[in-house]
2 protein chains.
Amino acid sequence: MLKEERQNYILGRIRELNKVKSNELALELGVSEDTIRRDLNQLSHNGLILKVHGGALSTHQKLYHYNESSVFNRENKVILAKKVVSLFKDGMTIIMSGGTTNLEVSLLIPDNIKLTIYTYSLSIAMQLTEHPNVDVIIIGGKLDKQALVTVGVNVVKLLSKIKADLCIMGTSGIDVDEGITEVGYEVSFVKRVMIASSRQVVALVTADKLNTTQRYPVCDLFEISKIVTDLDPNDPLLIPYAKKGIEII
Amino acid sequence: MLKEERQNYILGRIRELNKVKSNELALELGVSEDTIRRDLNQLSHNGLILKVHGGALSTHQKLYHYNESSVFNRENKVILAKKVVSLFKDGMTIIMSGGTTNLEVSLLIPDNIKLTIYTYSLSIAMQLTEHPNVDVIIIGGKLDKQALVTVGVNVVKLLSKIKADLCIMGTSGIDVDEGITEVGYEVSFVKRVMIASSRQVVALVTADKLNTTQRYPVCDLFEISKIVTDLDPNDPLLIPYAKKGIEII
DNA sequence: GATAATTTTGCATGAATTTGCATTTTTATA
DNA sequence: TATAAAAATGCAAATTCATGCAAAATTATC
């Protein structure tokens with residue numbers, strides 16, 4: 001058995017098990033542990049695996065880890081996110097805003113669906129790298145370290161050139177009369193551009209945002225086509241919105 | 001079960017439960033409590049968890065956490081990274097390429113230094129959000145999920161418009177005659193543009209990359225001004241490069 | 001195809017790592 | 001303060017590792 005052949009076998013083994021032990025490989029392949037060690041060192045040297053005492057691990061261990069417990073009100077956001085992903089159809093081009101609700105959405109996209117997603121959120125982009133069939137396009141610009149999103153004129157300029165099927169937009173405030181409003185001016189501006197670039201707008205609204213108003217206006221209710229909440233679609237709180245002709249999910 | 005495997009399990013457990021108890025882990029994993037304690041101490045030492053009497057707690061309120069143990073050859077990269085940050089002066093504009101060496105650099109930038117950093121690496125951008133005085137500008141584009149960097153024509157177009165003081169560039173191969181070379185065509189192209197946009201180019205070279213050549217040429221040696229390695233600057237391996245007039249650090 | 005050069009492999013040695021246990025010290029809590 | 005659980009410490013056994021070296025296998029060259 002050739003060296004390369006053996007090393008390919010080891011790589012395959014690591015891909016399937018995520019780890020290998022030197023002594024087991026030596027037995028499996030009928031060579032000395034020294035040889036295995038040398039193989040592992042070479043593979044590790046090429047960055048293909050991670051050598052550890054006693055064997056090796058897959059390097060495909062994530063460099064960054066998502067910390068579920070730091071998401072506020074997570075259960076409700078998951079309920080909401082599940083409804084959102086049901087709107088996704090194969091081949092769609094989608095713009096996603098930032099926020100932890102959208103982050104949950106990106107976690108729940110089924111593996112088999114093919115999408116192109118534009119986002120200016122670092123966290124969402126990071127999360128989407130785990131999805132096998134989503135093409136991610138990051139909208140670059142100056143990074144807001146607090147919100148982990150890019151902001152500024154470049155973001156607006158880039159967004160305005162996109163043509164998307166769907167805009168999945170987190171909200172800070174929504175009200176029957178005032179429409180959708182935002183805390184920050186910059187974000188409100190970006191969201192207006194997102195809306196203009198999308199055929200359909202879906203507003204993500206957790207119950208605590210209903211009937212609240214923030215400082216900066218984003219858009220009137222008639223500009224959005226769907227509201228997704230963590231409530232039952234027939235909840236009385238939602239009736240005024242349904243009456244405006246918006247589909248409630 | 002390998003030690004690292006066990007520690008990964010513990011980390012996973014903490015992520016999902018927010019806390020673990022030593023005695024329970026010992027039972028779950030079939031090892032002594034001493035071993036668990038040693039694991040917890042090591043993880044705690046790396047800042048990944050918070051060790052407490054009886055077990056450990058999750059530390060990070062952060063949404064994403066950097067996993068140091070998955071970086072290959074980390075000790076040497078840290079040595080190298082320390083030298084790199086010594087080149088940073090207040091007010092500089094810097095372009096940083098991707099790669100784990102540069103990731104270590106971004107970890108080690110002193111808090112008091114003010115910089116503007118352009119990067120197309122998601123991991124580096126994420127890391128830099130922890131720095132109080134660095135303005136981060138993300139170069140957007142299609143995301144390469146493997147390398148966690150943006151690629152494509154947009155990246156090139158945006159890079160070519162930047163004027164930076166310093167370009168901190170990871171390398172895949174460097175050779176006295178062949179200059180700097182890269183594994184992938186796309187990356188080699190991006191690096192050429194980075195170089196053209198910077199007043200000074202600093203090449204990051206771990207010892208194992210010295211005198212190796214990859215498939216795609218990036219630039220000749222005379223185009224770079226400094227080489228930073230994890231070796232002693234007077235190491236005989238580096239003499240041929242010094243003779244070409246490149247400063248070795 | 002023969003021969004030389006190079007690479008690969010297995011083994012011996014001592015060093016280093018990992019682990020569990022016994023003992024002592026510290027901590028949490030009633 | 002008393003008590004039990006947990007932690008620190010030192011130690012020994014088992015395993016793994018790095019290194020040098022010679023034999024074996026592979027590759028290159030004629």
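Note on naming: letters A, B, ... go to the chains in the order of the sequence lines (proteins, then strands), and numbering restarts at 1 for each one.
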Query raised in the report: B:Tyr9 and B:Glu28: side chain to side chain donor-acceptor pair (under 3.5 Å), yes or no, with the steps?
Result: CA-CA 10 Å; B:Tyr9 176 87; B:Glu28 264 172 67; 2.5 Å; yes
**Report entry** Residue pair B:Ser172, B:Glu182: steps toward the side chain to side chain donor-acceptor pair (under 3.5 Å) verdict
**Finding:** CA-CA 5 Å; B:Ser172 293; B:Glu182 265 298 331; 2.9 Å; yes
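Within a 6.0 Å radius of NZ in B:Lys51, more than 12 heavy atoms belonging to other residues, nucleotides or ligands are found. Taking a 6.0 Å sphere around CD of A:Gln146, one finds it holds 12 or fewer heavy atoms contributed by other residues, nucleotides or ligands.
In this structure, CG in A:Leu103 is found 8.0 Å from CE in A:Met96, a value given to the nearest 0.5 Å.
Of all heavy-atom pairs between B:Tyr241 and B:Asp175, the closest is OH-CA, 3.5 Å.
Test B:Asp144, B:Thr119, B:Val155, B:Leu158 against B:Thr150 for side chain to side chain contact (heavy atoms under 4.5 Å, CB included) and you get one pass: B:Val155. With respect to B:Ile174, the side chain to side chain contact (heavy atoms under 4.5 Å, CB included) criterion is satisfied by exactly one of B:Thr229, B:Thr181, B:Ile227: B:Ile227.
A straight line from CD of B:Glu5 to P of C:dT19 spans 11 Å, rounded to a whole angstrom. Distance A:Leu29 CG to C:dG10 C1': 15 Å, rounded to the nearest Å.
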Nucleotide N/O of nucleotides 4-8 of chain C paired with protein N/O under 3.5 Å:
residue: C:dT8; atom: OP1; partner: A:Lys3; partner atom: NZ; Å: 2.9

Requested in this report: Scan nucleotides 2-16 of chain D nucleotide by nucleotide, 5' to 3', and note B when protein non-hydrogen atoms come under 4.0 Å of the base, S if they reach only the sugar-phosphate, - if neither.
Outcome: ----SBSB------S
